[in-house]
Colleague: 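One structure, pasted below without further comment.
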Amino acid sequence: MIPLETLRRLYDYNYWARDRQFEACRTLTEEQFLRPLGSSFSSVRDTLAHLVAVEWVWHERWRSRSPRAVPWPHDFPTVAAVEERWRGVERDVRDFLAQLSEEQLAGQLSYVNFAGAPCAYPLWQAMVHLVNHQTYHRGQVNTLLRQLGAKAAPLDLLLAADAGLLG
């Protein structure tokens, strides 16, 4: 199991990297933000919308709720719209992390997935999974930014450590 304080640091990193990526995405025009580029998710907007939606879904599952749908990408016409929604999700996740105990972290998370199937994992694994998922798709956003001729944000964990984020 991962120690709770280490998990909290990973989430600090997750939001640090997200904010750096938002800075890079704010340089895009609306057309660039929405332009289909043929990645896992069509555009920068669709990829960012996926990231915030997935984080919301996992938070709901941690709170013993199993959502049956996610927000649609068209709910986020601008970088600012994605960012606004994500700030609320971040507050909820950070509140959850602040109240979480080592015992709860070691406990079982049970939920129903979108296909209606019951699932169960140790909570710590699901929480690490989310950080890993976000890192994977942030890499895709950086690739999309480069394809659009924009500068991608450096997001390495060690850069966050150099910035004093990880203690």
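Side chains included, hydrogens not; waters and symmetry mates left out as well; all remaining heavy atoms used.
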Colleague: Is any side-chain heavy atom of H133 less than 4.5 Å from a side-chain heavy atom of V54?
Modeller: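 Contact flag for H133/V54 side chains = yes.
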Colleague: Are L130 and V93 close enough that some pair of their side-chain heavy atoms sits under 4.5 Å apart?
Modeller: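 The answer is no; the side chains never approach within 4.5 Å.
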Colleague: Let me know which of H50, E55, R18, Q21 forms a side-chain hydrogen bond (donor to acceptor under 3.5 Å, both in side chains) with Q134.
Modeller: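 Among the candidates, only E55 passes.
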Colleague: Excluding sequence neighbours, so at least two apart, what forms salt bridge (Lys or Arg N to Asp or Glu O under 4.0 Å) with R85?
Modeller: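 Scan of R85 (salt bridge (Lys or Arg N to Asp or Glu O under 4.0 Å), adjacent residues dropped) gives none.
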Colleague: So, do E30 and T78 sit near enough that their side-chain heavy atoms are less than 4.5 Å apart?
Modeller: no
Colleague: In this structure, is the centre-to-centre distance between the rings of Y15 and W86 below 6.0 Å?
Modeller: no
Colleague: Tell me, yes or no, whether the heavy-atom count around Q104 atom CD, taken from other residues, nucleotides or ligands under 6.0 Å, exceeds 12.
Modeller: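 More than 12 within 6.0 Å, yes.
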Colleague: Going by heavy atoms in the side chains, are L37 and L148 under 4.5 Å from each other?
Modeller: yes
Colleague: Counting only heavy atoms not in F114, do more than 12 sit closer than 6.0 Å to its CZ atom?
Modeller: yes
Colleague: Going by heavy atoms in the side chains, are L28 and V79 under 4.5 Å from each other?
Modeller: no
Colleague: If you define the side chain from C-beta out and look only at heavy atoms, does anything of W62 sit under 4.5 Å from V57?
Modeller: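 With C-beta onward as the side chain, the pair stays apart.
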Colleague: Would you check if Y13 and T135 make a side-chain contact, meaning some heavy-atom pair closer than 4.5 Å?
Modeller: yes
Colleague: Charged N to carboxylate O below 4.0 Å: is that the case for R87 and D92?
Modeller: no
Colleague: Is the CD atom of Q125 crowded by more than 12 outside heavy atoms at less than 6.0 Å?
Modeller: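 Count over threshold, so yes.
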Colleague: When the ring centroid of W58 is compared with that of F96, is the distance short of 6.0 Å?
Modeller: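 No - the distance between ring centres of W58 and F96 does not fall below the 6.0 Å cut-off.
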Colleague: What salt bridge (charged side-chain N to carboxylate O under 4.0 Å, His left out) pairs are there with at least one residue in residues 94-115, not counting sequence neighbours?
Modeller: D12-R94, E90-R94
Colleague: Does the side chain of S66 reach to within under 4.5 Å of the side chain of E60, using non-hydrogen atoms?
Modeller: no
Colleague: Residues in side chain to side chain contact (heavy atoms under 4.5 Å, CB included) with T47, at least two apart?
Modeller: F41, H137, Q140, V141, L144
